[in-house]
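Here is the structure we will look at.
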Amino acid sequence: MKKGVTRRRMLQLTSGGVAAASLGMPSILRAQESYPDRPINIVVPFDTGGYNDRLARAFAPFLQEKLGQPLTVINRGGAGAMLGHTYFLQQPDDGYTILCTSAAPYIPLNILTQDATFTVEDFHMINLPSRDYTLMATSADSDLKSADDVIARLKEDNSSLSIGIQPASADLVNLMLFCDANDISREGLRLVTYDGGGPTRNATAGGVVDTGLVGGEGFLPLAEQITPLIVFDTRQRDDWDAALITDVAGEGAEFVVGSQRGWGVHASMLENHPDRYEILAAAVEEASKDPAAIEALKNQQLATDWYGPEDSNKSLADTARVMQQHVDLLQGT
């Protein structure tokens with residue numbers, strides 16, 4: 001039986017997450033206290049070695065230079081980031097614990113599929129510099145050379161290709177929407193599931209699966225080992241020589257954006273400690289625009305673009321709404 005979205009969950013996903021962003025960020029000079037005066041912790045709700053962990057550790061030296069205090073990365077992985085998100089919210093909202101996470105899709109996923117007690121509006125994103133996207137790819141020596149090859153094979157026999165995927169992911173939603181747009185039956189697809197983007201990418205690059213769908217930014221270090229097939233976006237990303245989803249499914253193609261990674265705080269911090277929030281947000285912006293930080297993160301294939309709180313929180317809220325529309329796919333029903 002399908003499990004619908006309760007009114008509470010709809011409110012969790014759609015209520016005022018952007019409203020906090022509209023408070024803006026007055027000049028840092030208005031702050032009246034000596035924050036920070038002790039070290040700050042960065043909670044990463046994933047294990048070491050993933051994108052968020054690498055982003056936190058690469059960005060920390062530049063952020064701590066602006067703040068004048070050491071930053072310590074604390075990994076709290078498990079349960080699809082819910083353990084880390086819960087742990088973060090249990091810490092005081094005083095600005096001495098900040099968050100580096102894939103806000104989307106994981107915060108909405110925690111709510112929609114894991115009965116999380118928190119809401120989207122409990123988090124306030126200062127900046128989400130990494131805006132990932134699903135990439136359909138295959139190994140470099142595969143006989144699949146284009147999106148048309150994939151479509152033709154799946155239309156002839158939808159079980160003819162093994163497809164690497166993470167369950168309950170934006171990538172899974174994108175695969176199903178892609179199949180719908182090309183009259184490929186969802187029933188009988190040969191899905192091979194992996195617990196994490198890294199294993200999915202390695203299986204794709206190594207030819208363990210015929211094709212895989214996973215975040216494109218993480219594929220960059222494997223670029224020589226894969227053939228990119230479809231970028232799930234309306235614009236070309238990272239110079240991949242691949243079709244856009246709008247090329248293969250039409251201008252009105254529906255798709256879910258990939259991981260939106262970056263920096264967040266307790267939403268309550270804006271009300272309870274506005275002066276500290278001003279200092280912290282200004283430091284994140286300054287570090288994000290620091291040429292040395294930009295170069296250092298670029299060399300590690302990490303993002304440091306400055307979008308700011310309003311855009312970042314709107315992006316998270318928009319993604320949450322789309323994911324709510326496809327909750328049945330995410331719940332596997």
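Between D305 and R131 there is no salt bridge, since no side-chain N of the basic residue sits under 4.0 Å from a carboxylate O of the acidic one. Salt-bridge check for D53 with R57: passed, with a basic side-chain N closer than 4.0 Å to an acidic carboxylate O. The existence of a salt bridge linking E310 and K314 is excluded, since no basic side-chain nitrogen approaches an acidic carboxylate oxygen closer than 4.0 Å. At a threshold of 4.0 Å, the pair R38-D94 counts as salt-bridged, since one of the basic side-chain nitrogens sits closer than that to a carboxylate oxygen. Comment: R276 does not engage D93 in a salt bridge, judged by the lack of any side-chain N to carboxylate O separation of less than 4.0 angstrom. The pair R237-D233 counts as a salt bridge, with a side-chain nitrogen and a carboxylate oxygen less than 4.0 angstrom apart.
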What do the steps show when you test F118 against F123 for ring-ring contact (aromatic ring centres under 6.0 Å, His included), and what is the final call?
CA-CA 9 Å; F118 51 73; F123 301 85; 5.4 Å; yes
Stepwise side-chain contact (heavy atoms from CB on, under 4.5 Å) check, F59 with L297
CA-CA 7 Å; F59 191 70; L297 270 68; 4.2 Å; yes
Decide yes or no on side-chain contact (heavy atoms from CB on, under 4.5 Å) for I40 and L67, but give the supporting numbers first.
CA-CA 9 Å; I40 295 174; L67 291 170; 3.8 Å; yes
Hey, mind stepping through D171 and F232 against side-chain contact (heavy atoms from CB on, under 4.5 Å) and telling me if it holds?
CA-CA 9 Å; D171 307 310; F232 284 75; over 6 Å; no
Evaluate side-chain contact (heavy atoms from CB on, under 4.5 Å) for Y194 paired with N202, printing each intermediate quantity in order.
CA-CA 10 Å; Y194 293 92; N202 291 335; over 6 Å; no
CA sep, side-chain torsions, deciding dist, call: K155, D148, salt bridge (charged side-chain N to carboxylate O under 4.0 Å, His left out):
CA-CA 10 Å; K155 285 178 75 72; D148 290 339; over 6 Å; no
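A donor-acceptor pair is defined here as one N or O able to donate and one able to accept, closer than 3.5 Å; no such pair exists between the side chain of N158 and the backbone of I184. A donor-acceptor pair under 3.5 Å is formed between the side chain of Q64 and the backbone N or O of L71. Looking only at distances, a side-chain donor or acceptor of S312 sits under 3.5 Å from a matching main-chain atom of G308. Proximity of a side-chain donor or acceptor of S185 to a complementary backbone N or O of E187 within less than 3.5 Å is detected. Remark: side-chain polar atoms of Q236 are paired, donor with acceptor, to backbone N or O of A242 under 3.5 angstrom. In this structure, S162 contributes its side chain and R190 its backbone to no donor-acceptor pair below 3.5 Å. No side-chain donor-acceptor contact under 3.5 Å links H266 to the backbone of Q90. Not a single donor-acceptor pair under 3.5 Å links the side chain of S142 to the backbone N or O of T138. Checked by atom type and distance alone, the side chain of D157 pairs as donor or acceptor with a backbone atom of S159 at under 3.5 Å. Looking only at distances, no side-chain donor or acceptor of H85 sits under 3.5 Å from a matching main-chain atom of G80.
Between Y35 and Y96, a ring centre-to-centre spacing shorter than 6.0 Å is recorded. Aromatic ring centres of F46 and Y51 lie farther apart than the 6.0 Å criterion allows.
With no hydrogens or angles considered, no side-chain donor-acceptor pair links Q166 and T200 at under 3.5 Å. Using a 3.5 Å distance cut-off with no hydrogens or angles, the side chains of E278 and H273 do not pair a donor with an acceptor. Donor-acceptor pairing under 3.5 Å is recorded for the side chains of S130 and E217. No side-chain donor-acceptor contact under 3.5 Å links T97 and N41. Looking only at atom types and distance, the side chain of T101 has no donor-acceptor partner in the side chain of N52 under 3.5 Å away. In this model, a donor atom of one side chain and an acceptor atom of the other lie less than 3.5 Å apart for S139 and D141.
The two residues L229 and A147 come nearest to each other via the heavy atoms O-CB, 4.0 Å. Closest approach of G77 to L83, counting heavy atoms only: O-CD1, 3.9 Å. Nearest heavy-atom pair across Y277 and P309 is OH-CG, 3.5 Å.
Taking the side chain as every heavy atom from C-beta outward, I163 and L213 approach each other to under 4.5 Å. At a threshold of 4.5 Å between non-hydrogen side-chain atoms, the residues P105 and M323 count as touching. I151 places a side-chain heavy atom less than 4.5 Å from the side chain of F178. Within the 4.5 Å cutoff, the side chain of T134 has no heavy atoms near those of the V173 side chain.
Partners of D122 under the salt bridge (Lys or Arg N to Asp or Glu O under 4.0 Å) rule, at least two apart in sequence or in another chain, do not exist in this structure.
Counting non-hydrogen atoms of neighbouring residues, nucleotides and ligands closer than 6.0 angstrom, the CG atom of N299 exceeds 12 such neighbours. Within a 6.0 Å sphere centred on CG of D37, heavy atoms belonging to other residues, nucleotides or ligands number more than 12. Residue-environment remark: NZ (K298) stays at or below the threshold of 12 foreign heavy atoms within 6.0 Å.
Using cut-offs of 30° and 60° for the angle between ring planes, the F219 and W240 rings count as perpendicular.
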